[in-house]
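Note sheet for the following structure.
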Amino acid sequence: MEPTLNAPRRRSVVKGLLGTTSFWLASGNARWSEALADEAAQPYRPIFFDIAEYQFLEAACERLFPADHNGPGAKTLGVAEFLDRQMQTPYARGENWYMSGPFEQGPANLGYQLPFVPKDLYRKGIAGVERYARQQYGKGFAALSALQQDEILTALEGGSVQLGDIPGRVFFEQLRTNTLEGAFADPLYGGNRGLGGWIMLGFPGARADFMDWVNQEGASYPIGPVSISGETA
Amino acid sequence: MVKHVDAIIVGAGWAGSIMAKELTEAGLSVVMLERGSERTTPVEGAYPESIDELRGAIRKRLFQNLSQSTVTIRNTIDQTALPYRQLAAFLPGEGVGGAGLHWSGVHFRVAPEDLRLRSAVIERYGEKFIPEGMNLQDYGVSYEELEPFFDKAEKVFGTSGEAYRVQGKIVGNGNVFSSDRSDNFPLPAMKDTFSASVFRDAAKNAGYHPYSLPAANASRQYTNTYGCQMGPCNFCGYCSGYDCYLYSKASPNVNILPVLRQEPRFSLIPNAHVLRVDLDSTKTKATGITYLDTKTRKEHSLSADLIILGAFQFNNVHLMLVSGIGKPYDPVSNTGTVGRNFVYQTITSSRVWLPPSTYTNQFVGAGGAGVAIDDFNSMNFDHGPLGFVGGSPVWVNQAGVKPIAAALGAGGGGTPRWGSAYKDSLVNTYKHSLGIDAHGSNMAYRDVYLDLDPTWKDAYGQPLLRMTFTWKDNDIRMNQYVVSKIEPIARAMGATKMNLVHLNAGQPFDTRTYQTTHLGGGAIMGDNPQTSALNRYLQSWDVSNVFVIGSNAFPQGMGYNPTGMVAALAYWAAHHIRTTYLKSPGPLVKA
């Protein structure tokens, strides 16, 4: 059966505004071709994660970074897509980490000492959390209530859960780190859809020229963000 | 047959590039070896790809690839050191330009008494003031001797700043604690960001002496001593961790290499990992070096009359240890010199929140710009009743805060690190807060040192360097004292909330969070071959045709950022090589 992922389309907000006056006023002609291209774009199909893993990520990342009055959450920002795409990079293979043995454990302040690279941490970590969720609540993580999901994440963060070979806290920190990366990295990498993360913080993205804004006596910077590819919001 | 050149330089950062420029000027043929890849501003540094936070500071594009070589770290001698597997606490550079490509650009001279700290402390407080186990030492060189070389470096780097005193005359609102200068800064000071201006006013009202940080970020268009050009900085905020797309931040790549590359006597070999300095059978003369071409994995040897080690601080020490240059340090007997006086800096960042109507626009910034006070740095205050050695400048150095870094660092310390409450605090902190740093000294101790690890090896089969390092009571108390001085300044700034961060008693060094890349010592300069690996000209006491240039030469970690001192020491050593050593090669100081 072809899975339904319900991944929001890129810039679905833009799509909904196509043809409206405010869209044209706000964007200009250059956006038109891009918006059309988005129309044709298919929902993201994960390559590294299987469907169940991807559903776990969509659920867990949304609890870590939920939609609220501040702005969009992980799901709207495309964080799961970001994570899947990152799993296909040298980073996920630990190519910048020293991964030679022996692997001895020591005090936490001497740093990470496991023989696992990020993609191992995800594969083992997600399986471990799913086992734990079934054990505690009789259901998979994505099927639990937000409150139950938060209880699991709190337990992982607090260090009381071991996920097979991996301490729950290690997996939690990996997931938190990559979730926040996905919320705030350039949209080039699949997250921060519609520049929603940057709008939330008032970060202007790739503008990178503040000659006139070195000191404006505490006024808020007035120009919205731009991405590396030229997307604006 | 092994190719011969006059001089080999290991490492294409500031130290190596300065030495290469000086030695080619002196007519020598020079080969400079860099283990990382070639890097130039128009290629890797170009806008907009170079300002990608994920690819840059987060995935660590310009930093050392630990998969090939790293260090092991432990806090105390009785522990097993474990590999530094992921970059975090410190971020050495890799590739042409070295750490000089991804640095921020804070370009200090030195507090003169820091060069003779042992003597200064004894003169003022007596020898008993020095805690047991502290290897407090003098550099063996004075500010007056180094002054022409600080001046020379500033004119190469295009340094922006405001002087206090030039040739005995007070000329401006610079740092009242700074020493006499032979000339002004080549460029006027960088503008204050909003957060820096608020700090300047509050510090002044509190009776302190704020000054503009000296910045190797060009406040105006500049053409340096070598004819290399810099563009004016636009406060884009991509200094630290990035390769300035505007040619505004000084780097070897922008300020020296463009002319050096035109020099027929000079050649640069990237992707060349130096395995060892080759010594003759007496172990008192270097004959050349052996390196591995990391692309072909083939070993090559080069012979030379003069060898300059200009790699990153701990890589210089590593090369000395694996090559057998000098006597390794033994912490039990406190003898030997290579690995001795390994030091760092005590850096803590506190945070101050301004009212919600006030936006700090933290993404605006320049790595070297800011406002500092030196009232609690070096010997500028009375340590007598305080009972510690050292000090710390305090500053607002808004270098450009990017969103991923802000998000990763938000929360914690009892507040949520995820969820909606976390998002509230992240947004509020990003929009309305500013950071104040205590950027302090770190003294040397008998049981804090570098040696070779007995277990772990690099990708080339050589033992990793082992760091034995932790925070000591003297430095923790110094940091706590200086941080306590931030509170009244923060109140005067109109803080609605503050989070004062300091080291805690007994707190071990933690490798997992970034503190600073300002590592020092391990092959220090001095006037006594029993307690220093290098003489006052940065020449190995043991192998006189090897000079070792870098922050490895610092006997103590000072409160200032190290690059300006490294550059001045490079020009100082080069001057004495050119004027004395080349005429009659041999020890410049009798042991």
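Note on naming: letters A, B, ... go to the chains in the order of the sequence lines (proteins, then strands), and numbering restarts at 1 for each one.
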**Fill in**
In Asn75(B), Thr513(B), Thr470(B), Asp510(B), the residue satisfying side-chain hydrogen bond (donor to acceptor under 3.5 Å, both in side chains) with Asn109(A) is Asn75(B)
**Request:** Test Lys191(B) against Asn215(A) for side chain to side chain contact (heavy atoms under 4.5 Å, CB included), laying out the working first.
**Result:** CA-CA 8 Å; Lys191(B) 284 190 229 167; Asn215(A) 183 0; over 6 Å; no
**Request:** Show your working on side chain to side chain contact (heavy atoms under 4.5 Å, CB included) between Tyr430(B) and Met200(A) and close with a plain yes or no.
**Result:** CA-CA 10 Å; Tyr430(B) 194 73; Met200(A) 208 177 322; over 6 Å; no
**Message:** Set out, in order, the CA-CA distance, both residues' side-chain angles and the distance that settles side chain to side chain contact (heavy atoms under 4.5 Å, CB included) for Phe184(A) and Leu426(B), then state yes or no.
**Reply:** CA-CA 12 Å; Phe184(A) 295 111; Leu426(B) 167 62; 3.7 Å; yes
**Asked** Where does Ser357(B) contact chain A at under 4.5 Å (heavy atoms): side chain, backbone, both or neither?
**Response** backbone
**Item:** Portion of Ile58(B) that has a non-hydrogen atom of chain A nearer than 4.5 angstrom
**Value:** side chain
**Tyr91(A) side chain reached by Leu54(B) side chain, heavy atoms, under 4.5 Å** = no
**Request:** State, with a plain yes or no, whether a side-chain heavy atom of Leu188(A) is found less than 4.5 Å away from one of Arg55(B).
**Result:** no
**Prompt:** With no hydrogens and no angle check, is any side-chain donor or acceptor of Tyr221(A) less than 3.5 Å from a backbone partner on Val364(B)?
**Reply:** no
**Request:** Find out whether Pro102(A) and Trp456(B) are in side-chain contact, i.e. whether some heavy atom of one side chain is under 4.5 Å from a heavy atom of the other.
**Result:** yes
**Request:** Find the one option among Thr177(A), Leu64(A), Asp212(A) whose heavy-atom pairs under 4.5 Å with chain B are most numerous.
**Result:** Leu64(A)
**Request:** Please flag which part of Asp52(B) lies under 4.5 Å from any non-hydrogen atom of chain A: side chain, backbone, both or neither.
**Result:** both
**Prompt:** Is a side-chain N or O of Arg512(B) found less than 3.5 angstrom from the main chain of Gly111(A), in a donor-acceptor match?
**Reply:** no
**Prompt:** Do Leu114(A) and Arg85(B) come close enough that some side-chain heavy atom pair is under 4.5 Å?
**Reply:** no
**Asked** What are the two closest heavy atoms between Asn361(B) and Ala219(A), and how far apart are they?
**Response** ND2-O, 2.8 Å
**Request:** Report yes or no: is the cationic atom of Arg207(A) (NZ for Lys, CZ for Arg) closer than 6.0 Å to the six-membered ring centre of Phe363(B), at no more than 45° off its axis?
**Result:** no
**Request:** Tell me whether the guanidinium CZ or amine NZ of Lys423(B) lies under 6.0 angstrom from the six-membered ring centre of Phe65(A) and within 45° of its axis.
**Result:** yes
**Asked** Are the side chain of Glu53(B) and the backbone N or O of Ala185(A) linked by a donor-acceptor pair below 3.5 Å?
**Response** no
**Prompt:** Would you call Asp150(A) and Trp418(B) a side-chain contact if the rule is heavy atoms closer than 4.5 Å?
**Reply:** yes
**Request:** Kindly indicate, with the supporting measurements, whether the criterion side chain to side chain contact (heavy atoms under 4.5 Å, CB included) is fulfilled by Tyr47(B) and Asp209(A).
**Result:** CA-CA 11 Å; Tyr47(B) 177 90; Asp209(A) 178 5; over 6 Å; no
